[in-house]
Amino acid sequence: MDVTQNMNVQKRWMQLPRDIVIGHGVIDDVKNVCADLKLVDNALIVTGKSTRKIAGDIVHDSLVDSGQNVEMIVSEAASMKEVDRVRRQAVDSDVEYLLGVGSGKSIDVAKLAATEIEVPFISVPTAASHDGIVSSRASIKDGTKTASIQANAPMAVVADTEIIANAPYRLLASGCGDIISNCTAVLDWQLANRLQNVPFSEYAAALSSMTAQILIDSADTIKPELESSVRMVVKALVSSGVAMSIAGSSRPASGSEHMFSHALNKVAPIPALHGEQCGVGTIMMMYLHGGDWKRIRDALKIINAPVTAEEMGIEDKYILEALVLSHTIRPERYTILATGLTPDAAEIVARKTKVIS
Ligand SMILES: NC(=O)C1=CN([C@@H]2O[C@H](COP(=O)(O)OP(=O)(O)OC[C@H]3O[C@@H](n4cnc5c(N)ncnc54)[C@H](OP(=O)(O)O)[C@@H]3O)[C@@H](O)[C@H]2O)C=CC1
Ligand SMILES: O=C(CO)COP(=O)(O)O
Ligand SMILES: [Zn+2]
């Protein structure tokens, strides 16, 4: 008998970060983490325009002081062009590893470039705005697709709570929206498993749901400029990232609410932040699931994350357009949106959940 035909013995390969360091001032530990991973020379730092001054230069100087040869590149967009630019510089300089120091854009560009040239990557986020700071996913715009693609997980994550607490609070609240969105992502995954027998991981789903529940229950402890709040959100983002690594896909943390956010990125002239859109999407998708959407809305309100189109700075008409478009974003991923919402159904869900007035 060919035992590999038995689903229970199929090979699974889960890629997780090896070192995760969270705390006050841990930016100074980047060099120690590199030493722990035996990454002792020839680094390339990818950072952003503002985050260079906040963290990029610190990491650069600290690695140089420890005797490493370090180059730095400032990246302004999470585009394929930028990934190619970083990859070329990394190859030309024969770098041993890459670091993404900054926001989601810098981390994704470094993560994908490192994956392509098969070198280790270290994530040093300056904001806790979404779970991409930890995960094995990279979201790079290539003109058509908006959803993330599989990449190598960071070898290490170094999250300095002092730096993240000083980032604009909006970014932290956005991270909370991304975590809370796990609620509907898991419901969608369960639905797809029941209706289409798609592979489902109880462990990944349980970790993802539990992470969102803990955050919802602790919503009143999330406050601006508080390192304890940052610690809680970063730990939740780590858990979400781990859930995705266990699943081998973004399923545990991305369902219909993420499809709504990706659709909004396509139609809205100026989209809001990823986690803000996912949070609002979760309210509406929870309504469609027949679940407790008011609890989601209340938690987001307590955190001071947007719960309406107006609070996201997006006109109502784009919310409705995105709702109708959402199911086309990733047709292979079955969710509560199924074959899509009609324009009148979209208007009902958006009005009933008070996303539009
Ligand atoms: N990989 C994944 O799974 C996921 C990836 N994404 C992607 O991530 C990106 C969004 O990331 P997000 O972090 O929300 O937003 P951005 O990467 O757009 O960053 C938002 C802004 O905040 C600034 N910033 C970051 N940290 C600080 C700080 N400490 N102080 C002051 N300013 C700061 C950034 O500066 P600077 O200009 O220096 O960068 C940037 O201007 C998108 O490209 C999205 O597609 C989203 C979700 C999941
Ligand atoms: O944002 C993510 C999880 O929070 C990744 O999801 P996507 O695969 O939809 O980009
Ligand atoms: Zn997300």
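A salt bridge links Arg351 to Glu347: one of the charged nitrogens lies within less than 4.0 Å of a carboxylate oxygen. Contact check on Lys31 versus Asp65 returns no salt bridge, with no Lys/Arg side-chain nitrogen under 4.0 Å from an Asp/Glu carboxylate oxygen.
In this structure, Ile107 and Gly132 approach most closely via the heavy-atom pair CG2-O, 3.9 Å. Looking at every heavy atom in both residues, Ala185 comes nearest to Pro252 through CB-O, 3.6 Å.
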Query - Full working for side-chain contact (heavy atoms from CB on, under 4.5 Å) between Leu44 and Gln89 - result: CA-CA 8 Å; Leu44 174 59; Gln89 180 160 341; 3.8 Å; yes
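The number of heavy-atom neighbours closer than 6.0 Å to CD1 of Ile270, taken from other residues, nucleotides and ligands shown, is 12 or below. For CD of Glu225, the number of neighbouring non-hydrogen atoms (other residues, nucleotides, ligands) closer than 6.0 Å is 12 at most. Under a cut-off of 6.0 angstrom, the local environment of CD in Glu310 is sparse, with at most 12 non-hydrogen atoms contributed by other residues, nucleotides or ligands. The environment of CD in Gln196 is crowded: more than 12 heavy-atom neighbours from other residues, nucleotides or ligands sit within 6.0 Å.
Annotation: side chain of Ile336 is not in contact with side chain of Leu187 (no heavy-atom distance under 4.5 Å). Two residues are said to be in side-chain contact when any heavy atoms from C-beta on lie closer than 4.5 Å; Lys223 and Ile303 fail this criterion. Between Ile45 and Ile73, the closest side-chain pair of non-hydrogen atoms is not below 4.5 Å. In this structure the side chain of Thr221 reaches within 4.5 angstrom of the side chain of Ser218, judged on heavy atoms. For the pair Tyr334/Leu191, a side-chain contact is recorded, criterion being any heavy-atom separation below 4.5 Å from C-beta on. The shortest side-chain heavy-atom distance between Lys235 and Ile22 falls under the 4.5 Å cut-off. Put simply, the side chain of Val280 reaches to within 4.5 Å of the side chain of Met312, judged on heavy atoms. Between Met285 and Phe260 the shortest side-chain heavy-atom distance falls below 4.5 Å.
Using modelled atom types, one finds no donor on one side chain facing an acceptor on the other under 3.5 Å when comparing Asn182 with Gln213. Using a 3.5 Å distance cut-off with no hydrogens or angles, the side chains of Thr184 and Glu257 do pair a donor with an acceptor.
There is no path of hydrophobic side-chain contacts, each under 4.5 Å, that joins Ile163 to Leu237.
For Glu276, the salt bridge (charged side-chain N to carboxylate O under 4.0 Å, His left out) criterion is met by Arg170, not counting sequence neighbours. For Arg87, the salt bridge (charged side-chain N to carboxylate O under 4.0 Å, His left out) partners two or more places apart in sequence, or in a different chain, are Asp84, Glu116. Residues that satisfy the salt bridge (charged side-chain N to carboxylate O under 4.0 Å, His left out) test with Asp217, not counting sequence neighbours, are Arg295.
Ring geometry for His274 versus His262: interplanar angle of 30 to 60°, hence tilted.
Applying the side-chain hydrogen bond (donor to acceptor under 3.5 Å, both in side chains) test between Arg52 and each of Thr47, Asp57, Thr126 identifies Asp57 as the sole match.
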